[in-house]
S.K.: 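The structure's right below; bear with me while I get my questions together.
Side-chain atoms are counted along with the backbone in the values below, which use heavy atoms only and exclude waters and symmetry mates.
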Amino acid sequence: MYFVANWKMYGVKNSLNTLDKVIKFSNSKEIKKGRIIYCPPYTLLSSFYKKFQNCLIDIGAQNCHESTEYGAHTGFVNSKMIKNIGANYVIIGHSENRNKGETDKLINQKIKSAINAKLKVILCIGESLKEKRSGKTKSVLSKQIKYGLDKIKIKTNLFIAYEPVWSIGTGKIPKPSELNQAIKFIKGKFKKKSPQILYGGSVNTSNIKNLKNIKGLNGFLIGGASQNAKNFIDIVKKTYN
Ligand code: 13P
């Protein structure tokens, strides 16, 4: 199981001290077969890389520019730069960025650039509350997968994070039946090998006991709860107990 911490626009130098507990945990037997990946803001990637040098915790970025080349793009970072700093993952298509205008086409270009840089991609997909209420969940997921992954053949290093928009930061999670259906639907979109499927949206130390029983999930993409080391560790522990 993968436990991906998305710190979003949180975290300063001092936040690194909170990671000692997680490093200790990651070196213990308690972690079982769990894999931890931290996605801090760009400003902390390098410090996280150094911090995790002697453990198995991996790092990733929260987005990337779509260009495979360096260039005159003020304020942006491309996949090559992310790989160069020692990161192995990148989150692409998060709803918080889709809401700011990222289209499926742009997301597709970003994924191609990330694959080109040998980064593992965590593609976020999910429906809004309005889309859910009007019964459009499947068509939204379908469109995001189809156009997001257009002309992408190599799917070995691909994770799909199902993050219903209405569940992010709200404390609400889908019913088990809804989640089962969505996962089955996503897997069904891939003829040969399905990508690894993660769930994201209000994962916390209480609801993990229900979420861990959902079949077909390969892990979780965790926002708020991942910023507290104890809670994050608890989520991993409870997944296995
Ligand atoms: P929360 O866990 O804070 O709801 O955020 C989920 C998320 O957006 C992870 O990418």
Side-chain angles (χ1 to χ4, degrees), residues 2-26 35-102 106-107 109-124 157 159 161 163 168-169 198 200-204 219-233 235-236:
Y2 291 81
F3 300 87
V4 186
N6 177 7
W7 271 23
K8 308 193 179 184
M9 202 172 73
Y10 293 96
V12 291
K13 271 193 289 184
N14 276 350
S15 321
L16 272 105
N17 303 331
T18 65
L19 301 174
D20 292 326
K21 269 193 203 133
V22 188
I23 294 174
K24 199 169 157 216
F25 171 69
S26 79
R35 301 278 300 270
I36 293 178
I37 298 139
Y38 268 88
C39 300
Y42 291 134
T43 47
L44 293 177
L45 273 175
S46 186
S47 319
F48 271 55
Y49 177 75
K50 286 187 198 125
K51 186 96 189 170
F52 293 146
Q53 248 172 354
N54 297 318
C55 70
L56 291 173
I57 303 178
D58 220 325
I59 56 166
Q62 297 171 15
N63 203 348
C64 64
H65 190 271
E66 65 275 20
S67 177
T68 51
E69 299 306 324
Y70 305 113
H73 303 288
T74 306
F76 290 90
V77 170
N78 76 4
S79 303
K80 271 205 253 195
M81 293 157 147
I82 294 166
K83 183 72 185 179
N84 178 258
I85 203 76
N88 287 314
Y89 291 80
V90 61
I91 298 171
I92 296 178
H94 196 283
S95 66
E96 285 152 14
N97 297 323
R98 289 181 188 263
N99 281 341
K100 291 220 157 51
E102 281 196 5
L106 181 68
I107 288 164
Q109 289 167 346
K110 289 184 178 207
I111 297 174
K112 285 176 180 158
S113 83
I115 292 173
N116 196 50
K118 304 210 160 33
L119 286 172
K120 294 178 184 156
V121 173
I122 301 170
L123 167 64
C124 299
N157 283 333
F159 291 72
E163 296 208 307
I168 297 174
L198 311 179
S202 294
V203 176
N204 62 34
F220 302 98
L221 180 53
I222 308 159
S226 73
Q227 284 163 42
N228 178 303
K230 187 182 171 297
N231 289 346
F232 190 48
I233 294 168
I235 289 173
V236 182

S.K.: When Tyr38 is tested against each of Tyr10, Phe232, Tyr89, Tyr2 for ring-ring contact (aromatic ring centres under 6.0 Å, His included), which residue passes?
M.R.: Phe232
S.K.: For the atom pair CD1 (Ile222) and CD1 (Ile36), what is the distance rounded to the nearest 0.5 Å?
M.R.: 9.0 Å
S.K.: Could you give the distance from CD1 (Ile107) to CD (Glu66), rounded to the nearest 0.5 Å?
M.R.: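 These two atoms lie 11.0 Å from each other.
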S.K.: Heavy atoms only: give me the nearest Ile59-Gly86 pair and the separation to one decimal.
M.R.: CG1-O, 3.9 Å
S.K.: Side-chain contact test, heavy atoms from C-beta onward, threshold under 4.5 Å: evaluate it for Ile92 versus Cys64 and give yes or no.
M.R.: yes
S.K.: Might you point out which heavy atoms bring Pro41 and Trp7 nearest each other, and give the distance in Å?
M.R.: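 Smallest interatomic distance, heavy atoms only, reads CD-CB, 4.2 Å.
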S.K.: Give a yes/no verdict on a cation-pi contact between Lys120 and Phe159, requiring under 6.0 Å between NZ or CZ and the six-membered ring centre and an angle within 45° of the axis.
M.R.: no
S.K.: Atom CD1 in Ile122, atom CG in Leu198: separation rounded to 0.5 Å?
M.R.: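 With rounding to 0.5 Å, CD1 (Ile122) is 6.0 Å from CG (Leu198).
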S.K.: Of all the heavy-atom pairs spanning Val121 and Ala114, show the shortest one and how long it is.
M.R.: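 Reported closest heavy-atom pair: CG2-CB, 3.7 Å.
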S.K.: Taking C-beta and beyond as the side chain, do Asn78 and Thr68 meet within less than 4.5 Å on heavy atoms?
M.R.: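 In short, these two side chains do not touch, never coming nearer than 4.5 Å.
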S.K.: Side chains of Ile91 and Leu221: does their closest heavy-atom pair fall under 4.5 Å?
M.R.: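 The answer is yes; the side chains approach within 4.5 Å.
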S.K.: Side chains of residues 93-102: which donor-acceptor pairs under 3.5 Å do they make with residues two or more places apart or in other chains?
M.R.:
from   : atom 1 : to     : atom 2 : distance (Å)
His94  : ND1    : Glu96  : N      : 3.0
His94  : NE2    : Glu163 : OE1    : 3.1
Glu96  : OE2    : Lys8   : NZ     : 2.8
Arg98  : NE     : Gly93  : O      : 2.8
Arg98  : NH1    : Asp104 : OD1    : 2.8
Arg98  : NH2    : Cys124 : O      : 2.8
Asn99  : ND2    : Ser95  : O      : 3.3
Glu102 : OE2    : Asn63  : ND2    : 2.9
Glu102 : OE2    : Lys110 : NZ     : 2.7

S.K.: Which atom names give the shortest non-hydrogen contact between Ile37 and Gly60, and what distance separates them?
M.R.: CG2-N, 4.2 Å
S.K.: What are the two closest heavy atoms between Cys39 and Val4, and how far apart are they?
M.R.: SG-CG1, 3.8 Å
S.K.: Going from CD1 on Ile82 to OG on Ser113, what distance comes out if it is rounded to the nearest 0.5 angstrom?
M.R.: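 One gets 8.0 Å once the value is rounded to the nearest 0.5 Å.
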S.K.: Test side chain to side chain contact (heavy atoms under 4.5 Å, CB included) on Leu56 and Ser26 and set out the steps.
M.R.: CA-CA 7 Å; Leu56 291 173; Ser26 79; 5.8 Å; no
S.K.: Indicate yes or no: at least one non-hydrogen side-chain atom of Lys112 is less than 4.5 angstrom from one of Ile115.
M.R.: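 When only atoms from C-beta onward are counted, Ile115 and Lys112 do not touch, as no gap falls below 4.5 Å.
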S.K.: Asn88 and Lys83: which non-hydrogen atoms are nearest, and at how many Å?
M.R.: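 For Asn88 versus Lys83, the nearest heavy atoms are OD1-NZ, 3.0 Å.
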S.K.: Could you please spell out the steps behind the side chain to side chain contact (heavy atoms under 4.5 Å, CB included) verdict for Ser79 and Asn116?
M.R.: CA-CA 8 Å; Ser79 303; Asn116 196 50; over 6 Å; no
S.K.: Measuring only between side-chain heavy atoms, which start at C-beta, is Asn231 closer than 4.5 Å to Asn204?
M.R.: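 No. Closest side-chain heavy atoms not under 4.5 Å.
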S.K.: Determine, step by step, whether Arg35 and Ile57 satisfy the side chain to side chain contact (heavy atoms under 4.5 Å, CB included) criterion, reporting the C-alpha distance in whole Å, the side-chain angles of both residues, the deciding distance to 0.1 Å, and the verdict.
M.R.: CA-CA 7 Å; Arg35 301 278 300 270; Ile57 303 178; over 6 Å; no
S.K.: State, with a plain yes or no, whether a side-chain heavy atom of Phe76 is found less than 4.5 Å away from one of Ser67.
M.R.: no
S.K.: Can you give each donor-acceptor pair under 3.5 Å made by side-chain atoms of residues 47-54, sequence neighbours left out, with the distance rounded to 0.1 Å?
M.R.:
from  : atom 1 : to    : atom 2 : distance (Å)
Lys51 : NZ     : Leu16 : O      : 3.4
Lys51 : NZ     : Asp20 : OD1    : 2.8

S.K.: Taking the side chain as every heavy atom from C-beta outward, state whether Val90 and Gln62 have any atom pair closer than 4.5 Å.
M.R.: no
